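Residue numbers start from 1 in every chain, and the chains themselves are labelled A, B, ... in the order their sequence lines are given, proteins ahead of strands. Predicted model only: the values in this text are computed from it and were never measured.
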There are 2 protein chains.
Amino acid sequence: MLSADEIIQKMSSQGLRITDQRRTLAKLFVDTDGYLTPKDVYDFMCKKYTGLSFDTVYRNLRIMEEMGVLEQIVFEDGLKFRASCSDEHHHHHMICLGCEKTYPIHFCPMPLADAPDHFQVVKHKFEVFGYCKDCQANPKRQEQI
Amino acid sequence: MLSADEIIQKMSSQGLRITDQRRTLAKLFVDTDGYLTPKDVYDFMCKKYTGLSFDTVYRNLRIMEEMGVLEQIVFEDGLKFRASCSDEHHHHHMICLGCEKTYPIHFCPMPLADAPDHFQVVKHKFEVFGYCKDCQANPKRQEQI
DNA sequence: ATAAATGCAAAGTCTTTGCAGGCAG
DNA sequence: CTGCCTGCAAAGACTTTGCATTTAT
C-alpha cells in the first residue's frame with residue numbers, strides 16, 4: 001500500500017493543492033485496513049474540521065480516485081474506498097465480511113479461464129468473501145456484500 | 001436459464017400472485033440476453049401498461065430477486081437484473097461490456113486459492129469483462145463497468 | 001372474501017452542481 | 001495574485017414507503 005507521503009506527493013505532482021484536509025485524508029486511508037464509505041470518511045473528518053461538508057468529502061474522494069491514490073469498489077450497500085495497493089504485482093483479495101480487512105491472493109485464475117469464441121478480455125474480478133480469524137472468534141457485524 | 005413458465009411457476013409456488021405484469025416481466029427477462037436496469041424494465045413495461053409506476057417495477061424486481069428467479073448485479077453505473085441461470089452446476093461469467101451478454105465459465109478458481117490464516121470462505125466472485133465477437137466487429141456502446 | 005398487488009404521491013438516501021469567499025502555491 | 005478548495009445551499013438521480021383502490025386466488 002502507498003504511504004501517506006507517497007499519496008501526498010502523487011497528488012502534488014499532478015497539480016493538486018495540498019490542503020490540511022487532504023493530508024488528513026491521506027493519513028486516514030493509510031491507517032485504515034478495510035474499506036471506508038463516504039459517510040465513514042465524513043464522520044472521521046468532522047471530528048477535526050467543524051463545518052465540514054459532505055460535498056467536499058465526495059469531491060476529494062473522487063479526485064483521489066482519479067489520481068490513482070484511492071481505489072473504489074461498488075459493494076451492494078454502496079461505494080467504498082481504500083488506499084490503492086502499490087501495483088507491484090497483480091493480485092486479488094479476500095475480503096472479510098466482518099471487518100472488511102483485505103488479504104491478498106496472489107494466485108490469478110485468469111490464465112486458466114479460456115475465453116470462448118474470440119472473447120476479447122479487458123478486465124476481470126476475483127474476490128473471495130468470508131470471515132477472518134478475528135471475526136470468526138468475535139462475530140458482531142452483519143454481512144455487508 | 002429458466003423459462004418464463006418456470007419463473008411463473010416458481011413464483012406461484014412461493015405464494016405470489018401471478019398478475020399480467022409479472023407474466024410480462026418473466027417473458028421480458030427470458031427474452032433478454034443481457035442485463036436490464038430498472039429503467040430499461042420500466043420503459044419496456046410502459047409500452048403495455050399505461051400508468052405504470054416505477055415503484056411497482058422496483059417492488060417486482062426485488063421480489064423476483066428474493067424468490068430466486070432474477071439475479072442482481074451491482075455495476076458501477078447501478079443495479080442491473082437478469083433471469084437466473086438454472087443452478088445445475090456452479091459456474092462464473094464472462095460479461096460483454098458492449099452488449100452485456102454473458103458466457104459461462106465452467107472453471108472455478110476457488111479450489112486453487114488457498115485461504116490465509118483460517119479465513120472462513122463464504123462466497124466468491126469471478127467475473128471476466130471484455131468484448132464478445134460481435135461487439136468487437138461492431139463497437140458502439142461505451143464501457144459500463 | 002381476503003390478502004396481495006398496484007398506482008399515486010411523497011419522502012428518503014446518496015451524490016452532484018453552482019456560486020462566493022478563502023487559501024495554497 | 002491567481003486559480004484551486006471549501007462551505008453552503010440547492011438540485012438531481014435513484015429507490016423506498018404509506019395508503020387507498022383494484023385484483024388474483
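Shown for residues 48-62 of chain A: residues whose heavy atoms fall under 4.0 angstrom of DNA chain C, namely D55(A), Y58(A), R59(A), R62(A).
Residues satisfying the side-chain contact (heavy atoms from CB on, under 4.5 Å) test with D31(A), not counting sequence neighbours, are K27(A). Contacts of Y103(B) classified as ring pair (Phe, Tyr, Trp, His ring centres under 6.0 Å), with partners at least two apart in sequence or in another chain: F119(A). With sequence neighbours left out, T102(B) forms a side-chain contact (heavy atoms from CB on, under 4.5 Å) with Y35(B), R82(B), H93(B), I95(B). Considering only residues two or more places apart in sequence or on other chains, F54(B) meets the ring pair (Phe, Tyr, Trp, His ring centres under 6.0 Å) condition with Y42(B), Y58(B). For F81(B), there are no ring pair (Phe, Tyr, Trp, His ring centres under 6.0 Å) partners, not counting sequence neighbours. Legend: residues meeting salt bridge (Lys or Arg N to Asp or Glu O under 4.0 Å) with D43(B), ordered by chain and number and at least two apart, are K39(B). The salt bridge (Lys or Arg N to Asp or Glu O under 4.0 Å) search around D5(B) returns none, not counting sequence neighbours.
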Set out, line by line, the N/O atom pairs under 3.5 Å between protein and nucleotides 20-24 of chain D.
from	atom 1	to	atom 2	distance (Å)
dA24(D)	N3	R17(B)	NH1	3.1

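Along DNA chain D, the nucleotide closest to G15(A) and the one closest to L79(B) are compared, and the more 5′ of them pairs with G15(A).
Checked options L2(B), V69(B), V41(B); the residue passing with F29(B) is V41(B) (criterion: side chain to side chain contact (heavy atoms under 4.5 Å, CB included)).
You'll find the ring centres of H92(A) and H124(B) outside the 6.0 Å limit.
Running 5' to 3' along DNA chain C, contacts with non-hydrogen atoms of chain A at under 4.0 Å begin and end at dC14(C) to dG25(C).
Between R17(B) and S12(B) there is no side-chain heavy-atom pair separated by less than 4.5 Å.
Atom CG in D40(B) sits about 17 Å away from atom P in dA13(D), given to the nearest Å.
Listed by first and then second residue, the salt bridge (Lys or Arg N to Asp or Glu O under 4.0 Å) pairs involving residues 57-75 of chain A are D55(A)-R59(A) (not counting sequence neighbours).
With rounding to the nearest 0.5 angstrom, the NE2 atom of H106(A) is 7.0 Å from the NE2 atom of H91(A).
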List the steps and the verdict of side chain to side chain contact (heavy atoms under 4.5 Å, CB included) for M67(A) and I7(A). CA-CA 9 Å; M67(A) 295 288 125; I7(A) 290 178; over 6 Å; no

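In the helix from dA1(C)-dT25(D) to dG25(C)-dC1(D), the rotation axis of the first five pairs and that of the last five pairs differ in direction by 40°, rounded to 10 degrees.
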